[in-house]
Amino acid sequence: MKRILIIEDEKSLVRFIQLELEHEHFEVRGVNDGISGLHLALSEEWSLILLDIMLPGMDGVEVCRRIREVKRTPVIMLTARDRLEDRISGLDSGADDYIAKPFDIEELLARMRALFRRIEMEDRQSRSMITFRDLTMDMDARTLLRAGEAVELTKREFDLLAVFMKHPNLVQTRDMLLDLVWGYDSLVETNVVDVYVRYLRNKLDVPGEESIIQTVRGMGYVMR
């Protein structure tokens, strides 16, 4: 269940939003001042924070700025101010979206859904991306960039490099690599690993520099 924190000094508005969100199966907590809101925002985990700008104790812009120093919790600003400079101030402090009061609850719910979708998409993308030094591998698209330039890899080369990039600084034996890339029941010999490591080195190594995939004598290979 998603947890929502409301930091808003209008108690009646907090209660209204809380009832509506609980009806939508959110877990909701509300506080009415900036200092208490900041404490809760930092001490607990929230799916989303609804944050008013005009707050007693500490204004919402400062609350958002301090949250952003340590957390990436999504924040939607709630405020009666609709001037351009106020919107810019809220967004520059780290807010993800901005909605002016008075607002329709359906608009708020729609903005929340859109924000959750965007975050989920970003999370999926970040999980599919592996980076090491100047290499960036997209596991979903099965592409590799080196310093922003595309590097063409065969399926086996890609799978082998993915093992190294997922486990940098960990020595991989030839048998381990054979099982992970070709399958434990594969009939190929372990020297095929050496062949494909050589293919990767030919595509990735820079002349005169140490190989990105290093040989550990008597053991196997490691990416450092």
Side-chain angles (χ1 to χ4, degrees), residues 1-4 27 41-49 67-75 94-97 112-224:
M1 179 181 291
K2 287 184 170 61
R3 303 184 73 228
I4 312 298
E27 179 184 336
L42 297 181
S43 62
E44 299 185 24
E45 295 301 316
W46 305 94
S47 305
L48 174 69
I49 298 173
I67 292 171
R68 282 292 172 263
E69 290 177 353
V70 292
K71 287 191 172 185
R72 294 303 307 165
T73 310
V75 174
D96 297 276
D97 201 357
M112 289 171 60
R113 288 192 295 267
L115 182 53
F116 287 141
R117 284 196 300 270
R118 191 179 83 203
I119 293 167
E120 289 167 3
M121 182 177 298
E122 289 172 354
D123 286 345
R124 286 197 299 271
Q125 290 174 342
S126 66
R127 287 195 297 270
S128 76
M129 305 297 288
I130 306 173
T131 59
F132 182 77
R133 287 164 52 172
D134 62 348
L135 298 175
T136 302
M137 176 174 277
D138 186 328
M139 295 299 296
D140 290 340
R142 294 186 67 82
T143 58
L144 177 72
L145 298 178
R146 176 153 206 182
E149 296 293 328
V151 179
E152 295 295 327
L153 298 178
T154 66
K155 179 184 183 302
R156 294 295 189 196
E157 291 168 350
F158 186 93
D159 292 342
L160 180 58
L161 183 61
V163 173
F164 286 121
M165 289 187 62
K166 288 177 181 178
H167 307 285
N169 303 310
L170 178 66
V171 176
Q172 306 277 350
T173 68
R174 291 171 176 80
D175 286 332
M176 290 167 60
L177 292 169
L178 198 64
D179 288 347
L180 290 168
V181 178
W182 283 265
Y184 72 93
D185 57 350
S186 173
L187 299 178
V188 301
E189 299 294 331
T190 54
N191 63 358
V192 75
V193 173
D194 302 324
V195 172
Y196 276 85
V197 166
R198 186 169 67 250
Y199 291 160
L200 287 175
R201 285 171 170 169
N202 289 338
K203 293 184 177 183
L204 300 177
D205 285 355
V206 176
E209 296 184 7
E210 188 175 43
S211 176
I212 195 169
I213 302 173
Q214 299 175 22
T215 301
V216 180
R217 193 172 299 277
M219 297 184 65
Y221 298 100
V222 62
M223 177 176 273
R224 291 196 177 102

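Atom set for the values below is all heavy atoms of this structure, side chains included, hydrogens, waters and symmetry mates excluded.
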Completion exercise
Sorted by chain and residue number, the side-chain contact (heavy atoms from CB on, under 4.5 Å) partners of Asn202 (sequence neighbours excluded) come out as Arg198
Fill in the blank from the handout: dist Thr131:OG1 -> Met137:CE (nearest 0.5 Å) comes out at 11.0 Å
Problem - Counterpart residues, side-chain contact (heavy atoms from CB on, under 4.5 Å), relative to Arg117 (two or more places apart) - result: Arg113, Ala114
Exercise for the section: Please identify each residue that fulfils salt bridge (Lys or Arg N to Asp or Glu O under 4.0 Å) with Arg118, with sequence neighbours left out. Expected result: Asp96, Glu122
Completion exercise
Contacts of Ser43 meeting side-chain contact (heavy atoms from CB on, under 4.5 Å) (sequence neighbours excluded), chain-then-number -> His39, Leu40
Practice task
Could you list the residues that satisfy ring-ring contact (aromatic ring centres under 6.0 Å, His included) with Tyr221, not counting sequence neighbours?
Solution key: none
Problem - Interatomic spacing from CD1 in Ile130 to CG in Leu161 - rounded to 0.5 Å - result: 8.5 Å
Practice task
Taking the side chain as every heavy atom from C-beta outward, state whether Val193 and Trp182 have any pair of such atoms under 4.5 Å apart.
Solution key: yes
Completion exercise
Ile67 and Ala41 have their tightest heavy-atom pair at CD1-CB, 3.7 Å
Exercise for the section: Could you list the residues that satisfy salt bridge (Lys or Arg N to Asp or Glu O under 4.0 Å) with Asp134, not counting sequence neighbours? Expected result: Arg146
Handout entry: Interatomic distance, Ile213 atom CD1 to Leu160 atom CG [nearest 0.5 angstrom]
Key = 6.0 Å
Handout entry: Expected output: side-chain Lys2 to main-chain Leu48 donor-acceptor under 3.5 Å
Key = no
Exercise for the section: With rounding to the nearest 0.5 Å, note down the distance linking CZ in Arg156 to CG in Leu200. Expected result: 13.0 Å
Handout entry: Partner set under salt bridge (Lys or Arg N to Asp or Glu O under 4.0 Å) for Lys166, not counting sequence neighbours
Key = none
Which donor-acceptor pairs under 3.5 Å do the side chains of residues 169-178 make with protein atoms, sequence neighbours left out?
unit_1 : atom_1 : unit_2 : atom_2 : d
Thr173 : OG1    : Met176 : N      : 3.0
Arg174 : NE     : Asp194 : OD1    : 2.7
Arg174 : NE     : Asp194 : OD2    : 3.4
Arg174 : NH2    : Asp194 : OD1    : 3.3

Exercise for the section: Flag yes if more than 12 heavy atoms outside Met139 fall under 6.0 Å of its CE atom; otherwise flag no. Expected result: yes
Exercise for the section: Mind checking the CG-CG spacing from Leu153 to Asp159? Nearest 0.5 Å is all I need. Expected result: 10.0 Å
Practice task
Please report the closest heavy-atom contact between Pro74 and Leu115, naming both atoms and the distance.
Solution key: CB-CD2, 3.8 Å
Completion exercise
CD of Gln214 to CZ of Phe164, rounded to nearest 0.5 Å, is 11.0 Å
Exercise for the section: Using modelled atom types only, decide if a donor and an acceptor are shared between the side chain of Arg68 and the backbone of Thr73 within a distance under 3.5 Å. Expected result: yes
Fill in the blank from the handout: For Lys71 and Glu44 the tightest heavy-atom approach is NZ-O, 2.7 Å
Completion exercise
Sequence neighbours excluded, the answer for salt bridge (Lys or Arg N to Asp or Glu O under 4.0 Å) partners of Glu152 is none
Completion exercise
Sorted by chain and number, sequence neighbours left out, side chain to side chain donor-acceptor pair (under 3.5 Å) with Arg133 holds for none
Practice task
Please name all residues satisfying ring-ring contact (aromatic ring centres under 6.0 Å, His included) with Phe116, sequence neighbours left out, ordered by chain then number.
Solution key: none
Problem - Within residues 199-223 or reaching into it, pairs that qualify as salt bridge (Lys or Arg N to Asp or Glu O under 4.0 Å) - sequence neighbours excluded - result: Glu157-Lys203
